[in-house]
Amino acid sequence: MLLTKKSEYALLSLISIAKHSDPVNVDVLSKEINISKSFLAKIMQNLAKAELVVSHRGVNGGFVLNKNIEDITILEIVIAAEERNPMVFECSNSVEACPNNKAELCGIWPLLNNLQTKVNDFLAHLTLKDIA
């Protein structure tokens, strides 16, 4: 489940916003990345709630980045878009929080936990500037 369409569209939206000098509204963004305005509006609300973008009202309103592109990590964007931490597998990050209550019997949990840690670290060090 690592990256869904929400994450993809959040990334594309922020890249687009970064390329504009003025605020960009949902109409313009939805046309640029070819997705529905209503779906994009929900994603942008999540990004605003996470303080990655700021919304300006009015005729010339829209969204602007709230930080420099080199200070916005891909991990932050994915967490904001998905409204939860990314997960490579439906597996817990601790034995105690195993959703199946069988972590002590699971031979692959250490591998999955190690992989998840590496993915999170990679996304935390990759910035919007790196992909824009």
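- Leu40 contributes atom CG, which lies 4.5 Å from atom OG of Ser13 (distance to the nearest 0.5 angstrom).
- Heavy-atom contacts from other residues, nucleotides or ligands closer than 6.0 Å to CG of Asn60 number 12 or fewer.
- The structure places CG of Leu111 at 11.5 Å from CD of Gln116, a figure rounded to the nearest 0.5 Å.
- Partners of Lys118 by side-chain hydrogen bond (donor to acceptor under 3.5 Å, both in side chains), not counting sequence neighbours: none found.
- In this structure the side chain of Lys6 reaches within 4.5 angstrom of the side chain of Glu83, judged on heavy atoms.
- The number of heavy-atom neighbours closer than 6.0 Å to CD of Glu51, taken from other residues, nucleotides and ligands shown, is 12 or below.
- Listed by first and then second residue, the ring pair (Phe, Tyr, Trp, His ring centres under 6.0 Å) pairs involving residues 113-132 amount to none (not counting sequence neighbours).
- Taking all atoms of both residues into account, the shortest heavy-atom contact from Asn120 to Leu75 is O-CD2, 3.9 Å.
- Residue Ala81 comes nearest to Asn46 through the heavy atom pair O-ND2, 3.5 Å, listed as atom of the first residue, atom of the second, then distance.
- Connectivity analysis of hydrophobic side chains (ILVMFWY, heavy atoms under 4.5 Å, direct or indirect) links Val64 to Val54.
- Within the structure, every pair that satisfies the salt bridge (charged side-chain N to carboxylate O under 4.0 Å, His left out) test and touches residues 7-18, not counting sequence neighbours, is listed here: Lys5-Glu8.
- A distance of 8.5 Å separates OG1 in Thr73 from CG in Leu126, rounded to the nearest 0.5 Å.
- For Asn25, there are no side-chain hydrogen bond (donor to acceptor under 3.5 Å, both in side chains) partners at least two apart in sequence or on another chain.
- Evaluation of the side-chain hydrogen bond (donor to acceptor under 3.5 Å, both in side chains) rule for Ser30 yields no partner, not counting sequence neighbours.
- What you find for Ala80 and Ala50 is that their closest heavy atoms are CB-CB, 3.5 Å.
- For the pair Pro86 and Leu3, the minimum side-chain heavy-atom distance is 4.5 Å or more.
- Sorted by first and then second residue, the salt bridge (charged side-chain N to carboxylate O under 4.0 Å, His left out) pairs with a member in residues 10-34 read Asp27-Lys37; sequence neighbours excluded.
- Checked against side-chain contact (heavy atoms from CB on, under 4.5 Å), Leu112 has the following partners two or more places apart in sequence or in another chain: Phe89, Cys91, Ile108.
- Distance check, rounded to the nearest 0.5 Å: CD1 of Ile131 to CG of Leu11 gives 4.5 Å.
- Contacts classified as ring pair (Phe, Tyr, Trp, His ring centres under 6.0 Å) and involving residues 28-64 (residues at least two apart or in different chains) are given here: Tyr9-Phe39.
- Partners of Asp130 according to the salt bridge (Lys or Arg N to Asp or Glu O under 4.0 Å) rule, which considers only residues two or more places apart in sequence or in another chain, do not exist here.
- Asp71 pairs by the side-chain hydrogen bond (donor to acceptor under 3.5 Å, both in side chains) definition with nothing, not counting sequence neighbours.
- When side chains are defined from C-beta on, Ile15 counts as touching Leu128, because their heavy atoms get closer than 4.5 Å.
- Residue Leu65 forms a side chain to side chain contact (heavy atoms under 4.5 Å, CB included) with just one option from Leu52, Leu47, Val53, and that option is Val53.
- Every salt bridge (Lys or Arg N to Asp or Glu O under 4.0 Å) that Lys67 has, sequence neighbours left out, goes to Glu76.
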